[in-house]
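Quick notes on the structure that follows.
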Protein chains: 2
Amino acid sequence: MEHKTASADEDVEAGTEGPPPGLDTRVVRIVRQTLADQVYGDLKELLLAGRAAPGERFTLRGLASAIGTSAMPVREAVSRLVAENALEVLPNRAVRVPLMPRARFKELRLIRCSLEGLATETAVRAASDAEIAEVEGFERLFAAERDKPEPDGAAAMCHNKDLHFALYRAAHLPTLFQMIEGLWLQIGPVLNLDFRAGPDRVRQGEAHIRHAAMVAALKARDPEAARTALVADIWSAGDFILSRNVLPD
Amino acid sequence: MEHKTASADEDVEAGTEGPPPGLDTRVVRIVRQTLADQVYGDLKELLLAGRAAPGERFTLRGLASAIGTSAMPVREAVSRLVAENALEVLPNRAVRVPLMPRARFKELRLIRCSLEGLATETAVRAASDAEIAEVEGFERLFAAERDKPEPDGAAAMCHNKDLHFALYRAAHLPTLFQMIEGLWLQIGPVLNLDFRAGPDRVRQGEAHIRHAAMVAALKARDPEAARTALVADIWSAGDFILSRNVLPD
DNA sequence: ATCTGTTATCTGTGATCACACATAGCAGAC
DNA sequence: GTCTGCTATGTGTGATCACAGATAACAGAT
């Protein structure tokens with residue numbers, strides 16, 4: 001179908017003067033979007049945005065009828081997410097969003113420091129000027145949200161995610177980026193608890209200090225300083241959640 | 001069924017004196033083993049053991065008929081492995097063992113140093129005496145294989161894996177362990193290329209030196225030294241593979 | 001009234017069928 | 001002889017059906 005459309009365009013636009021050399025750059029790249037991929041993306045978004053609470057159970061058929069497909073694509077999407085620890089199957093075969101015991105939360109925090117620290121160091125060395133500017137832009141958005149009289153926790157959370165991910169993307173290490181994404185998928189449901197703590201969290205938190213230090217180190221091309229600031233950011237946010245005593249165990 | 005069996009045992013053995021408190025410790029824990037899990041385990045074993053070459057293609061139906069099941073469990077197992085980057089689907093929808101370009105190999109090596117370094121440090125602090133002895137046992141097996149007149153590369157490789165995994169398991173961080181396992185799943189097919197280089201690789205390699213240093217640091221409870229030795233082990237093995245110029249790109 | 005044993009409904013798992021697409025092989029034209 | 005276009009086969013994807021097991025509601029006994 002792709003080729004046919006291209007030929008039609010060609011006939012209309014260029015007439016009989018033969019195919020111009022840049023034709024294959026003009027056709028849009030075909031993106032295979034299987035139903036399972038869509039469901040997978042939807043569930044991923046759900047978890048990343050923190051719209052699914054830990055311990056929440058659901059059924060394949062229920063999801064399927066909600067989305068409007070059969071149970072099959074849902075099964076595949078769920079099995080993928082289970083493989084990434086973003087969902088879990090109980091011994092009863094029930095599917096749910098995993099609980100987050102304190103020990104598991106601490107372990108994930110430790111892993112995050114290691115992996116995101118590595119990504120940060122690498123990004124500081126490898127980022128282009130445009131990528132640095134992008135990170136700085138998200139940092140400004142976050143700071144602006146924080147300085148509002150009525151900060152929106154969800155918006156701040158989103159800018160925070162964009163900031164971190166823009167930084168990690170600048171490391172140009174695709175597998176590492178994907179692993180970090182997997183970690184955020186797991187902590188997403190509990191990060192939700194963080195910004196739901198109310199606007200005070202945004203204002204009182206140390207996040208903006210750490211973010212400013214990260215951007216400064218990025219612009220100064222100082223990998224160690226950037227890593228230190230990032231680890232402090234992750235650690236203090238974790239301390240805040242742990243101090244709220246909302247995690248089981 | 002589990003409960004019924006337990007009651008029957010109870011009636012016969014203990015008569016009418018009521019259920020003894022330790023009854024639930026006598027019944028074997030039920031292990032749910034779905035077909036998809038079995039296929040997943042088989043494919044995992046295949047990749048970890050390096051019996052699947054990078055770029056090798058296969059079909060769901062082919063695998064299904066080889067195992068003796070329908071295509072459905074294979075689909076689920078494959079989709080899980082794809083989520084872990086242990087397999088990949090081409091834009092043509094074909095399934096294959098991923099290729100390993102040099103850049104990707106270097107990236108994985110970097111991530112391994114970070115994650116396995118973290119696991120090693122933690123293990124040195126948290127390992128029990130029994131776990132230390134276990135690691136040392138595998139180190140002896142590896143060294144013994146190396147000192148044989150005709151070293152078996154596959155056996156040495158296996159002992160190497162057992163040694164590393166016993167160490168990481170001793171960190172008692174299940175998620176971290178699982179992520180490391182996922183990394184080995186990805187490099188498994190190319191590690192195969194390493195020990196297939198012939199028995200010389202086993203003898204000439206620096207692995208035994210690093211392993212001895214790791215065990216020594218473990219017994220001395222010196223996390224930094226253990227991490228240094230481990231990183232050197234990973235790095236030099238990677239250098240060897242890179243120097244053989246068998247990786248594409 | 002509480003507890004136990006049963007039954008009904010539902011859920012995940014696996015098999016089978018149907019379809020769209022991709023690859024390979026072959027025939028025809030230049 | 002080389003290339004284009006068509007056809008046949010096979011593959012992944014999705015839907016539907018069948019079954020084992022789990023949950024929950026209910027009836028009966030103590």
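Not measured: the values here are computed from a predicted model. Naming: A, B, ... by sequence-line order, numbering from 1 per chain.
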request  = On the 0 to 90° scale, with breaks at 30° and 60°, tag the A:W184-A:H164 ring pair as parallel, tilted or perpendicular.
outcome  = tilted
Integer-rounded Å distance: [N] [atom2] and [X] [atom1]:
X	N	atom1	atom2	answer
A:Q33	D:dG14	CD	C1'	15 Å
A:M72	C:dT11	CE	P	16 Å
A:L90	D:dG21	CG	C1'	15 Å

key: Angle of first-five versus last-five pair axes in the helix from C:dA1-D:dT30 to C:dC30-D:dG1, to 10 degrees   = 10°
ask   = Do B:N245 and B:R102 have side-chain N/O donor and acceptor atoms under 3.5 Å apart?
value = yes
request  = Please report the shortest heavy-atom distance between B:Q186 and B:M100, naming the atom on each side.
outcome  = O-CE, 3.5 Å
query = What are the two closest heavy atoms between A:V97 and A:P189, and how far apart are they?
reply = CG1-CG, 3.9 Å
Centroid separation A:F177 to A:F165 less than 6.0 Å = yes
ask   = Reading nucleotides 8-13 of chain D from the 5' end, what letters show protein touch, with B for base, S for backbone sugar-phosphate only, - for no heavy atom under 4.0 Å?
value = ---BBB
key: Residue list, side-chain contact (heavy atoms from CB on, under 4.5 Å) with B:S65, at least two apart or on another chain   = none
key: DNA chain C: 5'-proximal contact among B:R57 and B:P73 (nearest heavy atom)   = B:P73
request  = Apply the test side chain to side chain donor-acceptor pair (under 3.5 Å) to residues A:E131 and A:H172: give CA-CA distance (whole Å), side-chain angles for both, the deciding distance (0.1 Å), then the verdict.
outcome  = CA-CA 11 Å; A:E131 288 166 335; A:H172 302 293; 3.2 Å; yes
ask   = Between B:R57 (side chain) and B:A94 (backbone), is there a donor-acceptor pair under 3.5 Å?
value = no
